[in-house]
Amino acid sequence: MKALVYEKFEGRPKVSKVADPSPEPHGVVVKVLATGLCRSDWHGWKGDDPDIDLPHVPGHELVGRIEAVGAAVQTWSVGDRVTVPFVGGCGTCPQCASANQQVCDAQFQPGFTHWGSFAEYVGLHYADTNLVALPDEINAVDAAILGCRFATAWRAIVDQGGVKPGVWVAVHGCGGVGLSAVMIAHAFGARVIAIDVKDEALALAKEVGAEHQLNGVTTPNVAEAIKSLTGGGASISVDAVGDREVCYTSIRSLRKRGRHIQIGLLDAEESNPSIPLARVIADELEIFGSHGMQAWRYPQMIALMRDGRLAPGKLIRSRVSLAGAANALTTMGTKPSVGVTVIDKI
C-alpha cells in the first residue's frame, strides 16, 4: 500500500510503498476514505510521544470501510463504513469496565502506538469495543475530524464541562479543537467567547457560533476582558492551545466555581505550568483534562450532525493529497493554517 512515512523525528516524510496491514484477531483493517491532519500528528513527528517507533506512519482521525475482519470480531463485517476514537480501549481493564475507554490502561492510538491512517489501509484493534458506525448520509470528509478534535472537544464541553444553555464558555485558541469546542458549546445554547491571536481564526469562530471574539495580542488583559463581558467570568474555560500562559489565563478567566478544561498538549519543557492555586481554593474552581471520547458516546454527537446542529465540515479549509500532507505536517508548527486540513486523496 501507499503510506506517508517518516524515518526520523523532524525528518521529511515521503510517500512510500509499504506492506499492507493484517487484522489482529480482535481487530479489523480499514480502507481509508478520508483522514484529518491534526496538531497531535505534528507533536508525534516532533518526537514528543514516547510510544512512536521509527519508521512511522502518522494519522489518527479517519473514516473508512472495513476490508478485513479478525477471527474474534463479532459485530462488524467487511464493507461496513466506520470511524473510531483516536484513543481505543482494550475492553477488559478496570477503566474499560467503568465505561471510560478513553483512559484505558492498555489503550491503543493509531498513528502513535502503531502505524496510522496516512495510508491506503490502517489496522484498528479491539473492533467490538471501539468502532463506530457512520451513517451513509454523513460525508466521509466532514466526519474525518470526529476521531480526535471534535470528540475531544465534545468530551471537554459536554461531559467534563457540563455545558448548559445560557452559560458563558471561553475558548482559548481557535485551531481545529478550539473551533470544534466553539461549535459544540453554541449548539448546546451556551454563550461563547473565542480567543486567538489570528483575526482569520476569530472570524471563523464567529461563523460557527462565538458571540464575542478577543484577539490575544491586541487585548491588554484577556482574563479581565472576559470577566467584563460575562459579568464575573466564564463558567467553562478551555485551553485549546497547550501553553503555560494560556492555561494560567484560562483559569483566571473563570467565575466562582467555574471549570477549566485542559485540551491543548504542552511541549515537554512546558508540561508543568504554574496555576493560580489560591484562586482555585478560594473560589472552588475545578480543573479537568479531556483526553478523548468513548465510542459509546458517539451516537448523541452523530445525531446532532444529522439534524444540522453540528456541522464539522464548516471547519475544513483545506483538502490535500497524501503527498501534499508532507508539507502540511512539517510546517504546522511554524505556519499553522486556519481551520482544518483533511487528506481525501490517498
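Worth knowing before you read on, the calculation uses all heavy atoms, side chains too, and leaves out hydrogens, waters and symmetry mates.
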Using 0.5 Å steps for rounding, measure from the [atom1] atom of [X] to the [atom2] atom of [Y].
{"X": "Glu137", "Y": "Ile302", "atom1": "CD", "atom2": "CD1", "result": "9.5 Å"}
{"X": "Gln300", "Y": "Leu310", "atom1": "CD", "atom2": "CG", "result": "9.5 Å"}
{"X": "Leu131", "Y": "Thr75", "atom1": "CG", "atom2": "OG1", "result": "7.5 Å"}
{"X": "Ile138", "Y": "Leu146", "atom1": "CD1", "atom2": "CG", "result": "7.5 Å"}
{"X": "Asn221", "Y": "Ser228", "atom1": "CG", "atom2": "OG", "result": "10.5 Å"}
{"X": "Ile261", "Y": "Ile251", "atom1": "CD1", "atom2": "CD1", "result": "10.5 Å"}

For [X], I'd like to know if atom [atom1] has over 12 heavy atoms of other residues, nucleotides or ligands within 6.0 Å.
{"X": "His186", "atom1": "NE2", "answer": "no"}
{"X": "Lys314", "atom1": "NZ", "answer": "no"}
{"X": "Lys345", "atom1": "NZ", "answer": "yes"}
{"X": "Arg319", "atom1": "CZ", "answer": "no"}

What is the ring orientation for [X] with [Y], classed by angle as parallel under 30°, tilted 30 to 60°, or perpendicular over 60°?
{"X": "His125", "Y": "Phe108", "answer": "tilted"}
{"X": "Trp154", "Y": "Phe188", "answer": "perpendicular"}
{"X": "Phe86", "Y": "His291", "answer": "perpendicular"}

Heavy-atom distance under 4.5 Å between the side chains of [X] and [Y], does that happen here?
{"X": "Leu265", "Y": "Asp48", "answer": "no"}
{"X": "Gln95", "Y": "Cys90", "answer": "no"}
{"X": "Tyr6", "Y": "Ile52", "answer": "yes"}
{"X": "Trp115", "Y": "Val122", "answer": "no"}
{"X": "Val82", "Y": "Leu134", "answer": "no"}
{"X": "Val158", "Y": "Arg297", "answer": "yes"}
{"X": "Ile184", "Y": "Phe150", "answer": "yes"}
{"X": "Val280", "Y": "Leu277", "answer": "yes"}

Give a yes or no on whether [X] and [Y] share a hydrophobic cluster (residues Ile, Leu, Val, Met, Phe, Trp, Tyr; joining criterion: side-chain heavy atoms under 4.5 Å apart).
{"X": "Val87", "Y": "Ile157", "result": "no"}
{"X": "Leu33", "Y": "Val78", "result": "no"}
{"X": "Val222", "Y": "Val238", "result": "no"}
{"X": "Leu202", "Y": "Val169", "result": "no"}
{"X": "Val69", "Y": "Leu62", "result": "yes"}

Treating [X] as the side-chain partner and [Y] as the backbone partner, does any N or O pair qualify as donor plus acceptor under 3.5 Å?
{"X": "Asn130", "Y": "Gly89", "answer": "yes"}
{"X": "Asp196", "Y": "Cys174", "answer": "yes"}
{"X": "His172", "Y": "Asp239", "answer": "no"}
{"X": "Ser321", "Y": "Gly324", "answer": "yes"}
{"X": "Trp45", "Y": "Arg12", "answer": "no"}
{"X": "Arg279", "Y": "Leu254", "answer": "yes"}
{"X": "Gln294", "Y": "Ala99", "answer": "yes"}
{"X": "Gln160", "Y": "Gly289", "answer": "yes"}
{"X": "Arg309", "Y": "Arg306", "answer": "no"}
{"X": "Lys2", "Y": "Glu120", "answer": "no"}

Looking only at non-hydrogen atoms, find the nearest pair between [X] and [Y] and report the distance.
{"X": "Ile226", "Y": "Ala170", "value": "CD1-CB, 4.0 Å"}
{"X": "Val141", "Y": "Ile316", "value": "O-CD1, 3.4 Å"}
{"X": "Leu37", "Y": "Leu329", "value": "CD1-N, 3.9 Å"}
{"X": "Arg259", "Y": "Gly162", "value": "NH1-N, 4.1 Å"}
{"X": "Ala119", "Y": "Met1", "value": "CB-CE, 3.9 Å"}
{"X": "Ala223", "Y": "Ser253", "value": "CA-OG, 3.7 Å"}

Handout entry: Ion pair check, Glu224 and Arg252, cut-off under 4.0 Å
Key =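 Looking at Arg252 together with Glu224, the answer is yes, because their closest N to O distance falls below 4.0 Å.
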Give a yes-or-no answer on whether the side chains of [X] and [Y] include a donor-acceptor pair shorter than 3.5 Å.
{"X": "Asp51", "Y": "Thr113", "answer": "no"}
{"X": "Asp41", "Y": "His60", "answer": "yes"}
{"X": "Glu211", "Y": "Trp168", "answer": "no"}

Exercise for the section: Determine, stepwise, if the pair Gln102 / Asn100 fulfils side-chain hydrogen bond (donor to acceptor under 3.5 Å, both in side chains). Expected result: CA-CA 5 Å; Gln102 81 284 357; Asn100 287 297; 3.2 Å; yes
Exercise for the section: Could you give me the CA-CA distance, side-chain angles and deciding distance for Glu286 and His260, then say whether side chain to side chain contact (heavy atoms under 4.5 Å, CB included) is met? Expected result: CA-CA 6 Å; Glu286 297 180 286; His260 164 78; over 6 Å; no
Handout entry: Candidate pair Lys31 and Glu67, rule salt bridge (charged side-chain N to carboxylate O under 4.0 Å, His left out), full reasoning
Key = CA-CA 6 Å; Lys31 180 177 176 61; Glu67 287 284 311; over 6 Å; no
